[in-house]
S.K.: 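Please find one structure pasted underneath; my questions will follow.
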Amino acid sequence: MRRTTVAPPAKRSAPATGARRAPATTPSRRRGPRPRGGWTPWLYLAPALAVLGALLVYPVYQLGLISFLEYTQAQVSGGEPTRFRGLANYTDLFADDQFGQVLLATVGFAAACVLGTLAVGCALAVLLTRVRALPRLALLLAALGAWATPTITGSTVWLFLFDPDFGPVNRLLGLGDFSWTYGRYSAFLLVLLEVVWCSFPFVMITVYAGIRAVPGEVLEAAALDGASQWRIWRSVLAPMLRPILGIVTVQSVIWDFKVFTQIYVMTGGGGIAGQNLVLNVYAYQKAFASSQYSLGSAIGVVMLLLLLAVTLGYLRLLRRQGEEL
Amino acid sequence: MKLSVRLAGFTALAAVLATACAPQTSGTSSSGKDEKTGTLRVWLFQEVDNQPKQRVVDAVLADFEKAHRGAEVTVEYIPVETRAQRVKAAFNDPRSAPDVIEYGNTDTAGYVKDGGLADVTRDFDAWSEARDTDPTARRSVTVDGRVYGAPYFVGIRALYYRTDVFRRLGLRVPRTQAELISTAKRVRAARPDLYGLAVGGAYTYGALPFLWANGGDLATGKGGGYASALGTPAARAGIEAYTSLFGDDNCPAAKCASWTGNDTVTAFAAGKAAMAIGGNFSHAAVDAGKAKGKYAVVPLPGVRAGSIAPAFAGGNNIGVLKSTSHRTLAVDLMKRLASKQAQGRLFDAMGFLPTFTDVREQAAAKEPFVKPFVDTLAAGTRFVPVTPAWAQIDSSLVLPTMFQEIVSGRKDVADASADAAKKMDDAFGSAG
């Protein structure tokens with residue numbers, strides 16, 4: 001799942017060329033007579049649209065449709081007829097106290113993960129540009145290792161590292177048999193550390209590529225003006241990197257909001273008394289564990305709309321500031 | 001502006017599509033065919049050590065194929081953990097579905113509602129051996145008076161305890177529930193490296209005997225409507241008793257709150273607990289650990305001295321799928337797999353308790369180990385509500401959540417049990 005979402009931004013991580021070419025082509029197309037090219041762009045887009053339509057629109061449509069039906073195992077296997085319920089699944093969902101709590105926990109947890117990932121990723125990207133070749137190689141390899149580790153393996157290893165009986169971390173910190181997964185916040189913290197660990201490399205490498213594309217003269221000029229490292233980052237690098245930072249932020253928001261494996265593996269499917277449930281695990285519980293596919297779909301639709309709103313809002317904000325993505 | 005145009009377009013597209021295709025529903029109505037030759041497919045559960053079970057099954061299949069010329073059987077052993085997905089998939093796609101399956105007895109009502117299992121009431125009643133099936137086992141294949149399979153074996157839990165630890169500390173085998181709890185705490189006080197009685201917040205079937213022994217129940221009602229009984233004073237007393245075992249004076253909540261039944265048995269087998277509630281099927285696992293040769297088993301004590309806490313009547317059944325195109329053959333195979341002879345052999349091979357009273361008595365005479373389990377069975381067992389809602393209650397972790405809320409100090413017994421009762425009633429209301 002993750003690997004497929006990685007691909008498009010990776011292509012964009014060489015933004016210098018794309019950004020530079022964009023102004024050259026866009027005006028010329030706008031200047032040309034519009035009606036003449038009417039169908040040509042669509043013709044070129046058709047293959048991609050067909051694939052996207054089949055792989056994206058159709059499942060989303062099914063998701064939406066199922067969320068309006070009564071659709072449980074009995075309906076799937078033909079034991080009972082499928083019934084249209086209108087918005088009843090949604091009203092059930094919003095009447096459920098637990099859904100509200102889980103939604104809140106998900107938003108908070110995702111926000112913390114995004115901030116953590118961006119901070120660590122950007123800091124290490126800057127560090128990468130400052131160190132010599134050998135440490136840089138070591139850091140890159142370590143990051144790539146973390147990136148390449150399957151989520152389920154990473155989660156299991158982290159769980160072992162923090163195991164109350166056998167884990168080295170507790171021994172190192174002298175915590176005795178402190179159980180990280182027992183308390184709500186310590187369990188979330190543990191998962192957060194794993195999420196940051198496995199998603200910072202994407203941010204780091206993308207931002208690093210962006211920094212390398214910044215012309216050296218600009219940085220040199222800033223340094224000659226006596227700007228500090230922090231000042232250079234804040235006033236020179238960050239503004240120039242804004243499109244890249246925008247992309248990685250949107251990506252991180254989407255990933256961290258949809259986090260599933262880490263929570264499922266590390267907290268045993270949602271923690272003690274469901275204290276560590278996030279939306280995706282909650283939807284899984286509803287849809288697949290208890291076969292209430294329609295309720296699970298409704299949760300999926302709510303997630304989709306929330307993410308869409310966040311992403312569109314963020315893109316609009318970037319546009320307004322005059323950046324082309 | 002642009003967005004709203006796009007939105008309108010999308011809505012229009014969705015409207016067109018909505019009339020075009022609906023989510024899939026497969027027809028599991030019976031195939032109508034009853035072929036007398038061909039291949040029968042069987043799904044059985046894979047056990048931790050599957051070889052002995054496979055030998056018993058192979059013997060049955062050899063006899064079956066001899067009796068029915070032109071009929072062949074292929075058996076697949078499926079992992080218990082993924083059974084839910086497999087069985088759902090089988091119900092959804094009758095063409096790749098097996099003819100005969102083994103299934104857990106708490107799943108009966110759910111599978112019947114899903115329309116997956118064939119009604120075999122007439123065949124079962126006409127089967128001469130079925131007369132000796134014990135009533136508890138019979139109830140576990142019955143939904144609304146109809147029979148949907150043959151009981152395969154029963155699983156019963158009882159109290160495992162460490163004889164060496166008890167002797168050294170001069171402790172008596174507990175005879176009441178109160179004694180059980182105080183004994184557990186005395187062990188822990190004297191031996192802080194041991195859990196007195198290993199308990200788990202997610203060990204529903206270990207907790208239910210406490211509830212039942214105090215006169216409580218999960219739900220009341222029959223057939224049509226159930227109502228949760230968790231909020232009653234008797235049920236609360238049972239919940240109180242079980243949750244009092246979590247804490248630094250017996251089984252610290254930080255560890256035990258998340259434990260399942262397997263975790264408690266593992267702790268006992270590893271020599272880290274003086275007592276545990278284990279099944280007759282846990283025998284091999286315990287013998288493989290440090291506790292081997294240093295333990296004994298007694299029925300779990302009830303509230304009054306000398307009484308036995310009602311145990312959960314777990315176990316598996318063999319059923320025929322509604323979609324089979326070889327109904328007669330499949331029913332015959334079901335009867336052969338679950339026959340007295342096969343169950344007797346399965347007991348010898350795996351230690352699974354037979355569901356026929358006479359076969360079980362013979363087994364108990366042969367193997368003294370099963371005596372406490374047979375005694376527990378004889379004292380009367382209980383079952384979860386026979387309704388499809390149970391599958392939903394079970395999978396949405398209503399009871400583990402309740403226990404965990406109490407032992408982690410988040411809610412008191414009254415609040416947690418009231419919340420759980422409400423969730424159960426919601427499930428009864430929506431799933432029947």
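When reading the values below, keep in mind they use all heavy atoms of this one structure, side chains included, and skip hydrogens, waters and symmetry mates. Per chain, numbering begins at 1; letters A, B, ... match sequence-line order.
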S.K.: From A/Q275 CD over to B/E405 CD, what is the distance, rounded to the nearest 0.5 angstrom?
M.R.: 10.0 Å
S.K.: Check the pair A/T72, B/Q392 against side-chain contact (heavy atoms from CB on, under 4.5 Å), reporting the backbone distance first and the verdict last.
M.R.: CA-CA 11 Å; A/T72 65; B/Q392 197 181 315; over 6 Å; no
S.K.: I need the minimum non-hydrogen distance between B/A257 and A/Y182, along with the two atoms involved.
M.R.: CB-CE1, 4.0 Å
S.K.: Within a radius of less than 6.0 Å around CG of A/L45, do more than 12 heavy atoms belonging to other residues, nucleotides or ligands occur?
M.R.: yes
S.K.: Using non-hydrogen atoms only, which part of B/K255 is less than 4.5 Å away from chain A: side chain, backbone, both, or neither?
M.R.: side chain
S.K.: For a quick test of reading the model, state the closest non-hydrogen atom pair linking B/K272 to A/D165 and the distance between them.
M.R.: NZ-OD2, 4.3 Å
S.K.: If I measure from the heavy atoms of chain B, does A/S290 come under 4.5 Å with its side chain, its backbone, both, or neither?
M.R.: both
S.K.: Counting heavy-atom pairs under 4.5 Å to chain A, which of B/G110, B/A253, B/A391, B/A416 comes out on top?
M.R.: B/A253
S.K.: State whether the number of non-hydrogen atoms from other residues, nucleotides or ligands found under 6.0 Å of A/Y185 atom OH is greater than 12.
M.R.: no
S.K.: Identify the heavy atoms of B/K88 and A/S291 that sit nearest to each other, and give their distance.
M.R.: NZ-OG, 2.7 Å
S.K.: Which region of B/V112, side chain (C-beta onward) or backbone (N, CA, C, O), has a non-hydrogen atom less than 4.5 Å from a non-hydrogen atom of chain A, or is it both or neither?
M.R.: neither
S.K.: To the nearest 0.5 Å, what is the distance between OG on B/S395 and CD on A/Q292?
M.R.: 7.5 Å
S.K.: Identify the residues of residues 89-104 of chain A whose heavy atoms come closer than 4.5 Å to a heavy atom of chain B, ordered by number, or report 'none'.
M.R.: none
S.K.: Looking only at non-hydrogen atoms, find the nearest pair between B/D114 and A/A74 and report the distance.
M.R.: OD1-N, 3.4 Å
S.K.: Taking all heavy atoms of B/R410 and all of A/A273, pick out the closest pair and write down the distance.
M.R.: NH1-CB, 4.1 Å
S.K.: Other residues, nucleotides and ligands only: do more than 12 of their heavy atoms fall within 6.0 Å of OH on A/Y264?
M.R.: no
S.K.: Identify which part of A/F288 has an atom lying under 4.5 Å from any heavy atom of chain B, answering side chain, backbone, both or neither.
M.R.: backbone
